[in-house]
Amino acid sequence: MNNEESKNEVISRDFIRTIIDEDLKEGKNSGKVHTRFPPEPNGYLHIGHAKSILLNYGISQEYGGKFNLRFDDTNPEKEETEYVDSIMEDVKWLGVDWEDRLFFASDYFDQLYAWAINLIEKGLAYVCDLNPAEMREYRGIPTEPGKLSPFRSRSVKENLELFEKMKNGEFPDGAKTLRAMIDMTSPNMNLRDPALYRIKRAHHHRTGDKWCIYPMYDFAHGQSDSIECITHSICTLEFENHRPLYNWFIEHIDNMPSKPRQIEFARLNLDYTVMSKRKLLQLVQENHVNGWDDPRMPTISGLRRRGYTSLSLKNFVEKTGVAKRNGITEVTLLEDSIRKDLNSHAQRVMGVVNPVKVIITNYPEDLVEELEAVNNPEDETMGKRKVPFSKELYIEKEDFQEVPHKKFHRLSPGKEVRLRYAYIVMCTGLVKDDNGEIAEIHCEYDPETKSGLSNSGKKVKGTIHWVSAKHAIDAEVRLYDRLFIDSDPSGNKEKELSELLNPKSLEVLENCKLEPFLKNAKSGDKFQFERRGYFNVDLDSTEDNLIFNRTVSLKDSWAKFNKK
RNA sequence: AGCCUCAUGGUGUAAUGGUAACACACCUCCCUUUGGAGGAGGUAUUUCAGGUUCGAAUCCUGGUGAGGCUGCCA
């Protein structure tokens with residue numbers, strides 16, 4: 001083996017996999033790796049969750065371990081079955097298989113209750129009557145220690161009775177909490193006697209009205225991990241300060257099934273995007289978008305509807321890496337991942353989004369030629385198709401300039417251009433309507449230049465796409481652009497979210513003309529409209545009313561040049 | 001302010017005491033019946049100050065900057 005080869009063998013490992021490698025080397029968890037994804041069913045999953053899901057699942061697969069899906073449903077007020085369903089659908093769509101390991105934190109409510117009693121018996125938890133305002137006051141601030149709750153000295157017996165009465169519904173909502181007895185002077189606020197249980201008469205999506213007390217996240221999460229024998233509990237940075245508490249429960253509750261290890265990494269952020277569930281919910285509720293799966297949303301369902309594939313998301317997420325540094329990834333990286341995927345897989349097709357009519361004046365009136373077109377130049381096995389050509393065509397408005405820019409090499413008066421898969425045509429005239437708008441472009445074609453003909457060697461600068469007018473099918477096309485004009489909408493503290501919206505994030509074009517090949521396109525089908533971009537057939541598309549969503553445009557150096 | 005965490009091109013991540021690299025973005029050029037794809041090249045990086053060392057992005061000390069924590073949310 002030479003030097004170069006040995007260098008290539010050094011696979012770069014992120015810090016989480018490095019930790020797992022070390023744990024394995026030390027013989028921890030008897031060599032097992034078991035991860036989980038713990039969503040709260042209070043909203044739809046977004047691409048940041050996709051990163052976490054794929055990270056956790058990917059690790060479980062790489063190490064020959066297992067992966068659980070567990071709903072963190074400890075706050076019934078915000079949680080709904082609708083979200084449970086959408087989350088499962090999205091996780092599955094990402095290609096992630098939890099096999100028979102679908103769990104709910106609410107499955108563990110009885111066990112959690114028993115463990116709370118265990119802590120009370122050990123003198124490590126107490127029932128507290130402080131109201132929220134008082135509790136806040138007693139907690140103190142980070143720079144100053146808090147004060148001991150006056151209820152901290154209740155006897156074990158009294159605490160046991162009170163806690164039982166809490167469970168039995170003998171106190172009104174919010175009247176009491178069960179708290180851990182840790183350290184009111186800790187610089188880590190999470191350790192200042194955190195609440196374990198609160199009284200809340202809310203209907204739970206799974207346990208119904210069985211409980212009127214519910215465990216807090218901190219009291220449920222680590223223990224749930226332990227019950228499921230999770231070895232590495234991967235979460236985001238904001239839980240760093242919770243880790244001592246996470247470990248405290250594992251250490252102080254008797255006979256915990258296993259000792260999971262919490263590891264935190266930086267969540268994914270994208271520029272021109274908001275990623276918090278609260279803000280996403282706000283966009284939905286204030287109707288700035290059409291629901292959670294609006295193609296402008298960074299939700300998994302939105303991205304799917306937009307036309308992203310799960311493979312492209314997986315590739316993207318891997319490219320963003322895993323680290324502890326907070327940063328903002330550019331959306332161009334996401335766009336690159338879908339272009340790469342679709343470039344090699346998507347069926348090519350011609351579609352005119354902003355049509356203007358072209359008449360080939362020297363072309364026979366009733367002749368229709370079936371021209372051969374390549375389905376995907378990147379993949380010969382995708383074959384070829386026939387495209388009808390006739391005297392009247394539609395081309396893209398922007399492919400014609402009456403007074404052309406010197407670097408514009410498309411159609412303009414007196415100039416020649418190649419019609420993709422067809423002939424070279426020259427523009428010979430124009431017809432304008434009463435408003436001065438171009439109604440018809442007149443061209444003459446050169447029969448010798450038919451595509452594929454041996455003597456069609458004439459060179460022209462540009463090639464444009466077209467659709468035969470009498471064969472064209474109508475469709476609606478939705479052009480999407482970034483939802484926000486601010487590259488960091490969440491970081492903008494001066495303006496409301498609604499003031500940062502891009503007014504042109506959605507452009508609906510009703511009168512688009514597509515080649516007949518697309519007649520039977522089904523929702524979810526993906527195409528490249530040559531020279532325009534990648535398009536996904538929308539969820540609401542029907543045979544009579546075809547709707548295409550633009551996933552992403554093609555890279556366009558002409559458009560870029562024009563901007564300058 | 002106290003505690004925790006982080007700091008490498010424009011962006012995101014590598015380099016695990018030994019030549020600072022990869023991807024995206026940006027810019028040139030070539031090629032092209034998609035101004036796509038592809039190819040060739042280019043601009044640009046270790047937060048600062050000390051220290052340890054033959055050698056520091058990496059280890060130590062201090063500074064600076066950024067993020068997190070002060071819910072009976074997760």
Side-chain angles (χ1 to χ4, degrees), chain A residues 10 12-14 18 38-40 42 72-75 77-79 128 130-132 135-136 139-146 173-179 186-190 192 194-200 213-214 216-218 220-221 235-244 264 266 268-269 271 277-278 316 319-337 339-340 343-344 348 350 374 377-378 407-410 417-422 424 449 451-452 456 459-465 528-533 553-561:
Chain A
V10 180
S12 129
R13 317 231 354 115
D14 58 69
T18 304
E40 185 190 10
N42 68 342
D72 221 332
D73 54 352
T74 56
N75 184 7
E77 283 174 339
K78 292 183 179 171
E79 296 153 8
C128 182
L130 256 28
N131 66 37
M135 202 184 281
R136 197 177 314 125
R139 188 165 34 235
I141 57 173
T143 48
E144 289 167 26
D173 283 11
K176 293 181 184 342
T177 55
L178 182 72
R179 293 226 262 164
S186 172
N188 183 342
M189 301 298 283
N190 294 118
R192 319 250 267 224
L196 270 33
Y197 271 91
R198 69 287 213 187
I199 304 170
K200 185 179 278 196
I213 58 170
Y214 290 96
M216 301 291 292
Y217 163 86
D218 285 307
H221 199 93
C235 62
T236 44
L237 253 27
E238 67 266 30
F239 293 102
E240 232 158 12
N241 293 334
H242 292 243
R243 186 166 8 110
E264 313 86 15
L268 173 70
N269 293 301
D271 61 0
K277 276 196 201 169
R278 207 200 91 239
F316 164 71
K319 279 187 181 175
T320 62
V322 181
K324 299 192 77 160
R325 176 158 61 128
N326 276 316
I328 301 178
T329 299
E330 292 174 337
V331 273
T332 52
L333 190 63
L334 214 211
E335 293 174 347
D336 177 67
S337 77
R339 283 199 190 100
K340 276 218 168 68
N343 178 50
S344 49
R348 307 289 126 118
M350 290 195 283
V374 173
E378 307 292 318
K407 292 216 172 179
F408 181 82
H409 33 249
R410 302 177 189 176
V417 76
R418 154 87 53 193
L419 295 175
R420 180 83 162 148
Y421 300 123
I424 292 173
T449 59
S451 186
S456 68
K459 292 275 181 195
V460 283
K461 271 274 177 60
T463 299
I464 63 174
H465 61 276
Q528 184 197 98
F529 287 12
E530 293 211 29
R531 306 205 307 130
R532 297 244 47 151
S553 67
L554 252 32
K555 279 198 216 164
D556 188 345
S557 46
W558 169 247
K560 196 177 285 181
F561 172 81

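Model, not experiment: these values are computed from the prediction. Residue numbering restarts at 1 for every chain, and letters A, B, ... go by the order of the sequence lines.
Salt-bridge check for A:D556 with A:R531: failed, with every basic side-chain N at 4.0 Å or more from each acidic carboxylate O. A salt bridge does not link A:E40 to A:K277: none of the charged nitrogens lies less than 4.0 Å from a carboxylate oxygen. Salt-bridge check for A:R420 with A:E530: passed, with a basic side-chain N closer than 4.0 Å to an acidic carboxylate O.
If you check every strand for non-hydrogen atoms under 4.0 Å, A:H221 touches nothing. Base contact: A:F239 has a heavy atom under 4.0 Å from a base atom. Across all strands, A:E40 comes closer than 4.0 Å only to sugar-phosphate atoms, never to a base (heavy-atom distances). Contact annotation for A:G174: base contact, defined as any heavy-atom pair under 4.0 Å involving a base atom. At a threshold of 4.0 angstrom between heavy atoms, the contacts of A:Q528 include nucleobase atoms, whether or not backbone atoms are also involved. Using a 4.0 Å heavy-atom cutoff across all strands shown, A:L130 reaches at least one base atom of the nucleic acid. Residue contacts for A:T177: at a heavy-atom cut-off of 4.0 Å it reaches a base atom on one of the strands shown. Counting any heavy atom pair closer than 4.0 Å across all strands shown, A:H465 reaches no nucleic acid atom. A:R139 comes within 4.0 angstrom of sugar-phosphate atoms only, judged by non-hydrogen atoms across all strands, and of no base. Here A:R348 lies in heavy-atom contact (under 4.0 Å) with a base. Residue-level contact check: A:F408 touches the bases, meaning some heavy atom is under 4.0 Å from a base atom. Across all strands shown, A:V460 has no heavy atoms under 4.0 Å from either base or sugar-phosphate atoms. Counting non-hydrogen atoms under 4.0 angstrom, A:N188 reaches nothing in the nucleic acid. At the heavy-atom level, A:E240 lies under 4.0 Å from the strands shown only through sugar-phosphate atoms.
Within the structure, a side-chain polar atom (N or O) of A:K560 is placed less than 4.0 Å from OP1 or OP2 of B:rC27. At B:rC72, none of the side-chain N or O atoms of A:K200 fall inside 4.0 Å of OP1 or OP2 (strictly under the cut-off). Taking side-chain N and O atoms only, A:R325 has no distance below 4.0 Å to OP1 or OP2 of B:rA66. For B:rC22, neither phosphate oxygen OP1 nor OP2 lies less than 4.0 angstrom from any side-chain nitrogen or oxygen of A:K319. Side-chain nitrogen and oxygen atoms of A:R198 include at least one within less than 4.0 Å of the OP1 or OP2 phosphate oxygen of B:rC73. Look at A:K461 and you won't find any side-chain N or O under 4.0 angstrom from OP1 or OP2 of B:rU32. Within the structure, every side-chain polar atom (N or O) of A:R532 is placed at least 4.0 Å from both OP1 and OP2 of B:rG36. Contact between the side-chain N/O atoms of A:K555 and the OP1/OP2 oxygens of B:rA37 is found at a separation under 4.0 Å. Contact annotation: A:T143 side-chain N/O to B:rC3 OP1/OP2 distance is not under 4.0 Å. Residue A:R339 has no polar side-chain atom (N or O) positioned under 4.0 Å from OP1 or OP2 of B:rG36.
By the 5.5 angstrom centroid cut-off and the 30-degree plane limit, A:Y217 is classified as not stacked against the base of B:rA74.
B:rG9 and B:rU47 have their C1' atoms separated by 14 Å, with the value rounded to a whole Å. Going from the P atom of B:rC31 to that of B:rA15 covers 40 Å, rounded to whole Å. Distance check on atom C1': B:rU8 versus B:rA23 gives 15 Å, rounded to whole Å.
B:rG71 has its base syn relative to the sugar, with a glycosidic angle deviating from 0 by at most 90°.
Applying the 6.0 Å contact sphere to NZ of A:K461 captures no more than 12 heavy atoms from other residues, nucleotides or ligands.
Centroid-to-centroid, the aromatic rings of A:Y217 and A:F239 come within less than 6.0 Å.
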